[in-house]
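Quick notes on the structure that follows.
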Amino acid sequence: MPNQLLKRLAALKRQRNAVILGHNYQRPEVQDASDYTGDSLGLSRRAAETDADVILFCGVRFMAETAAVICPDKTVLIPDPNAGCPMANMATPRELEKAKAEHPDAAVVCYVNSSAEIKAMSDVCCTSANAVSVVKSIPEDREVLFIPDRSLGSWVAKQLGRELILWPGYCPTHHRILTKHVDAARRAHPNAEVVVHPECLDDVAAGADHVGSTSGMLRYCRESKADQFIIGTETGMLHPLRKENPDKEFFPAAELADCPDMKLTTIEKMVWSLEDLSYRVEVPPETAKLARSAIDRMLHTR
Ligand code: 13P
Ligand code: SF4
């Protein structure tokens with residue numbers, strides 16, 4: 001990465017009093033240029049704590065929207081306005097309205113991978129790091145409508161031995177990882193532990209040694225006695241794992257598990273973003289207020 005560009009980024013960051021948040025799936029150089037990296041939950045918490053005026057969110061739109069909802073007085077920027085999440089687009093307000101009418105007593109739990117409008121229509125939000133405890137906090141005798149990720153919902157249902165109403169959404173990136181890929185990787189690296197994200201297909205999650213959020217995976221691999229791991233998630237995750245654990249080896253379960261949206265962020269776009277204060281991510285105040293309640297309920301769940 002040309003040094004000049006990184007120097008320009010650092011100068012703009014000071015000038016704008018900005019903080020750079022980078023998701024664990026971002027390109028390696030973007031993660032290295034971030035002040036904080038982490039999973040969706042960790043980055044939301046960072047956003048809530050910051051005293052910067054500007055949050056440059058290197059991730060996808062729903063994550064930046066969450067920061068905008070939590071920090072209405074800050075300028076939240078996303079370097080590329082096209083960085084969305086196909087799974088988040090799989091639940092529209094109209095569809096959710098219909099499902100709520102069909103299950104009027106159900107508590108709606110929405111995965112953070114959803115638009116602010118969907119969050120505003122939900123009772124509580126969750127991330128892959130806390131989905132089990134969030135669902136657990138809902139009384140057993142109440143129906144739960146879990147949106148939009150069917151795979152995460154199905155994994156949570158298994159953990160709790162509880163039936164959930166699932167939504168037909170999924171992550172196209174994680175669903176590229178198939179059991180046959182994991183089996184082949186296990187044959188190639190018989191001593192490796194298999195660590196996957198709960199957005200993976202049910203049979204992939206069922207066959208793993210550990211299932212967790214991206215930060216949960218980092219923690220698990222750091223603490224495990226194993227020295228080889230097969231990683232079933234977006235391939236950007238290999239960067240923080242390798243950086244944190246130089247003595248351990250990490251192999252992708254499937255080379256093709258790239259999220260094209262996560263990869264839209266580049267250092268150049270980060271510089272332009274801070275230069276032009278674009279692209280601003282804003283949520284209408286009424287939607288933000290309701291979405292905020294769902295996010296706050298999640299943040300207060302133990
Ligand atoms: P995490 O919350 O585990 O970081 O995951 C976010 C995501 O988009 C996974 O595809
Ligand atoms: Fe969305 Fe999947 Fe990309 Fe995560 S990896 S942002 S769930 S498409």
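Just follow the structure's listing: the first ligand is 1, and inside any ligand the first atom is 1. Side chains included, hydrogens not; waters and symmetry mates left out as well; all remaining heavy atoms used.
Residue-to-ligand polar distances place S40 within reach of ligand 1: an N/O pair is separated by less than 3.5 Å. For ligand 1, none of its N or O atoms has an N or O atom of T127 under 3.5 Å away. For ligand 1, one of its N or O atoms has an N or O atom of N113 under 3.5 Å away.
Of the possible polar contacts, one joining the R16 side chain to the E275 backbone as a donor-acceptor pair under 3.5 Å is found. Side chain of S273 to backbone of S278: a donor-acceptor contact under 3.5 angstrom is found. Between the side chain of K248 and the backbone N or O of F229 there is no donor-acceptor pair closer than 3.5 Å. Side-chain atoms of R61 never come within 3.5 Å of backbone atoms of N82 as a donor-acceptor pair (strictly under, hydrogens ignored).
Among protein heavy atoms, the minimum distance from atom 9 (C) of ligand 1 is reached at E199 OE2, 3.0 Å.
H239 and D32 share a side-chain donor-acceptor pair at under 3.5 Å. With 3.5 Å as the limit, one finds no donor-acceptor pair spanning the side chains of Q31 and S34. Residues S151 and E199 bring no donor and acceptor atom of their side chains to less than 3.5 Å of each other. D39 and S213 are linked by a side-chain donor-acceptor pair at a separation below 3.5 angstrom, with hydrogens and angles left out of the test.
Using a 4.0 Å cutoff on heavy atoms, H23 counts as a contact of ligand 1. Heavy-atom separations between C171 and ligand 1 are all 4.0 Å or longer. Heavy atoms of H174 approach ligand 1 to within less than 4.0 angstrom. At least one heavy atom of H197 lies less than 4.0 angstrom from ligand 1.
Excluding waters, the set of protein N, O or S atoms lying under 2.8 Å from atom 3 (Fe) of ligand 2 comprises C259 SG.
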